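Each remark here refers to the structure printed beneath this line.
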There are 2 protein chains.
Amino acid sequence: MTPRKSPGRDGVPDHAPAQDVNLDALPPGLAAAWGAVDVEGRRGPKPAHSVEEIIAVATELADEEGIAAASLPKVAGRIGVTANALYRYVASKEELLVLLADRAWGEPPALPAGDWRAAATLWSHQLFERFLARPWLLDVPTTVPLTPHNAAWLDALITALKPTGMAARQMLTCAYLLDSHARYGANLRRNTPTPAALRRANPERQQAMRAVRVFLDGRLRSRNLLAVAEVLEDPAFLAEEPAHDGFDFGLARILDGIEVYVSREEGLDTPQA
Amino acid sequence: MTPRKSPGRDGVPDHAPAQDVNLDALPPGLAAAWGAVDVEGRRGPKPAHSVEEIIAVATELADEEGIAAASLPKVAGRIGVTANALYRYVASKEELLVLLADRAWGEPPALPAGDWRAAATLWSHQLFERFLARPWLLDVPTTVPLTPHNAAWLDALITALKPTGMAARQMLTCAYLLDSHARYGANLRRNTPTPAALRRANPERQQAMRAVRVFLDGRLRSRNLLAVAEVLEDPAFLAEEPAHDGFDFGLARILDGIEVYVSREEGLDTPQA
DNA sequence: GATGAAGTGTTCACGCCATGCACAGTAACA
DNA sequence: TGTTACTGTGCATGGCGTGAACACTTCATC
């Protein structure tokens, strides 16, 4: 890795000193994601490009052909530069992925105050839609705990959950619950398209999915996995497209569960893990 | 890809005919995972190895150094054979991964009958432990809907949930809820080791995590993400190792949520999505 | 203004990966 | 005895992430 002083990052210059910590000791991409890099364009020639441009191009590629298409050679090629040139802006592929993922999160929604359940519902739906819009985000391995957008989403939710009186780690667990549900739901939707989407799809794909169904049914029964076989055969699966597959149902279960806990604790005022 | 008639697969020969579906139309690995391949060792020389051996070696490698270590050259090398030779047993890397993942699931636990909540709890805990034991399983992209072990786990849970009276897709959603919680919890645990594990770890790693904490705290505050900053600072995070981080708490919320739904529907007898 | 340090993108290079093809050898069947 | 099907090997390709050397450009300083 060549020593690197990346050029300016997005709007916020982050004037905070906070250099009390060795940036090189942090996981790759963390410092970059939070814009902890020098901004002053110093000696040499002006960089012809920018981290933002690189990430934008990588996003394009990922949108078009999945996360695997966001390779250094491909990104560089589209920008019109050598793959190695990217290392002047980004320390490693991993860092690029961290930045890419953070950008894909975008800004969190503004949540209604005073009704934590409504807020959590909105938050979950928005996140779900985010994942549907950028499915490749599910394929980016998260190697870094928190990035700015990421953290902003979390902050919004936790702020909304505060009035419930839950302890810090409980709120965090709830956040993970909702996050993972959105992720998983989006992943599921991606792998098993809705009937409507199926109708739009080409006949080959339709037939392929039918083949899978038939094949699995046979195998499941011959292995005596009857409960699963039955479920897969349920007419509901062949019916018209439900608004959100099981997403809303699952979300409601989670929120009910939280609500039970919250209202139970309300009377006690002695929360415990 | 060379045409391939793989040698025998694990115990169950799956005599079922069920060849009414074109195996080549299925997603890669599906047919192989369900053992839908010819068994008879026909003309040529006896194969010196077996799919089982290959998968076992791949598992070893993944256990030792993560999923990336389960590459064709590395697996082949440890077996003592050329990378290309593996293609006589496995159609592609992807198929290898499918088989690898299926093997890692292992057999599902026997669940107590008559108490769906106890059953679901046991199931979730066992799955959680499975993921902790084989963290790389979280890194295998699931390209195939159901594999035998996978399906067996699902079957066990759904069988246990049946007495609740939920509809098929609702049970399926519940299963996904629990599965995703176990996955996510295990992933979390992997990324943020318990205090006890930390104490055992080398001082460098400890210091690195402290650096991350300090860095993030500064950044979060300077971006006004105070709720998150507060949560991360909560003394509970520095306290002694909790039995299961937030896993049990989250699990209890999910189950509470399901219970609310189930007991609400019990009186109505008109379940709806 | 000259000079040197720092920063730019390129070229060459390496090692790793998944995978295709041709081949020599081997084992069963005709 | 061939013929045939199947085995593992060798050679090859194109992709990837990344390191090192280099020529070139800009600015800070003398």
Side-chain angles (χ1 to χ4, degrees), chain A residues 1-8 28-29 37-51 53-54 58 61-62 65-100 139-141 143, chain B residues 1-8 28-29 37-51 53-54 58 61-62 65-100 139-141 143:
Chain A
M1 182 192 111
T2 326
R4 169 190 55 105
K5 299 272 171 69
S6 174
V37 283
D38 305 24
V39 177
E40 312 310 306
R42 276 205 281 304
R43 286 288 176 87
K46 300 271 197 286
H49 309 276
S50 69
V51 184
E53 182 185 359
I54 291 172
L61 285 164
E65 311 175 56
I67 193 65
S71 75
L72 296 187
K74 292 218 182 77
V75 171
R78 183 165 293 196
I79 288 185
V81 98
T82 315
N84 261 326
L86 297 186
Y87 283 95
R88 297 291 179 197
Y89 300 88
V90 148
S92 66
K93 170 70 183 272
E94 194 174 351
E95 182 173 306
L96 175 68
L97 285 181
V98 170
L99 298 175
L100 189 63
D139 301 325
V140 179
T143 55
Chain B
M1 180 193 115
T2 325
R4 168 189 57 105
K5 301 272 173 69
S6 174
V37 281
D38 304 23
V39 176
E40 312 310 305
R42 273 202 286 303
R43 287 285 177 89
K46 300 269 197 282
H49 309 277
S50 69
V51 184
E53 182 185 0
I54 290 172
L61 284 164
E65 309 174 58
I67 192 63
S71 74
L72 296 186
K74 293 219 182 75
V75 171
R78 183 165 293 195
I79 289 185
V81 99
T82 315
N84 260 323
L86 298 187
Y87 283 95
R88 298 290 179 197
Y89 301 87
V90 148
S92 66
K93 171 72 183 274
E94 193 173 352
E95 181 172 307
L96 175 69
L97 285 181
V98 170
L99 298 176
L100 188 64
D139 301 324
V140 180
T143 54

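In the text below, chain A, chain B and the rest are named by the order of the sequence lines, each starting its count at 1. Treat the numbers as computed from the prediction; the structure is a model and nothing was measured.
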Exercise. Listed by chain and number, what are the side-chain hydrogen bond (donor to acceptor under 3.5 Å, both in side chains) partners of A/N84, not counting sequence neighbours?
Worked result: none
Seminar exercise, completed: Closest heavy-atom pair, A/Y89 versus A/H49, reported as atoms and distance to 0.1 Å, is OH-N, 3.0 Å
For this session: Quickly work out the B/I54 CD1 to D/dT7 C1' distance and round it to whole Å.
Result: 13 Å
Problem set entry | All side-chain hydrogen bond (donor to acceptor under 3.5 Å, both in side chains) counterparts of A/T143, not counting sequence neighbours | A/E94
Exercise. How many angstroms lie between CD1 in B/I54 and CG in B/L96, if you round to the nearest 0.5 Å?
Worked result: 7.5 Å
Exercise. Please give, in whole Å, the distance from D/dC24 C1' to A/K46 NZ?
Worked result: 15 Å
For this session: Starting from C1' on D/dG8, measure out to CD on B/E53 and report it in whole angstrom.
Result: 14 Å
Seminar exercise, completed: Atom CZ of A/R88 and atom C1' of D/dC22 are separated, to the nearest Å, by 11 Å
Problem set entry | Closest contact, heavy atoms only, A/A58 versus A/A70 | O-CB, 3.9 Å
For this session: Could you name each residue pair satisfying salt bridge (charged side-chain N to carboxylate O under 4.0 Å, His left out) that touches residues 73-84 of chain B, not counting sequence neighbours?
Result: B/E60-B/R78, B/E64-B/R78
Problem set entry | B/S50 side-chain N/O to B/E53 backbone N/O, donor-acceptor pair under 3.5 Å | yes
Problem set entry | A/A48: partners by side chain to side chain contact (heavy atoms under 4.5 Å, CB included), with sequence neighbours left out | none
Restricting to nitrogen or oxygen on both sides, can you table the protein-nucleotides 4-6 of chain C pairs closer than 3.5 Å?
unit_1, atom_1, unit_2, atom_2, d
C/dA5, N3, A/R43, NH1, 3.2

All N/O pairs under 3.5 Å across the protein-nucleotides 11-18 of chain C interface:
unit_1, atom_1, unit_2, atom_2, d
C/dT11, O4, A/N84, ND2, 3.1
C/dC12, N4, A/N84, ND2, 3.3
C/dC17, OP1, B/S71, OG, 2.8
C/dC17, OP1, B/K74, NZ, 2.8
C/dA18, OP1, B/K93, NZ, 2.5
C/dA18, OP2, B/L72, N, 2.9

Exercise. Under 4.0 Å: is that the gap between some side-chain N or O of A/Y89 and OP1 or OP2 of C/dT8?
Worked result: no
For this session: Round to a whole Å and report the spacing from CD1 of A/I79 to P of C/dG9.
Result: 10 Å
For this session: Quickly work out the A/L86 CG to D/dG19 C1' distance and round it to whole Å.
Result: 15 Å
For this session: Let me know the distance between CG of A/L61 and C1' of D/dC16, rounded to the nearest Å.
Result: 15 Å
Exercise. Taking all non-hydrogen atoms of both residues, which atom of A/L86 and which atom of A/V81 are closest, and how far apart?
Worked result: CD2-CG1, 4.2 Å
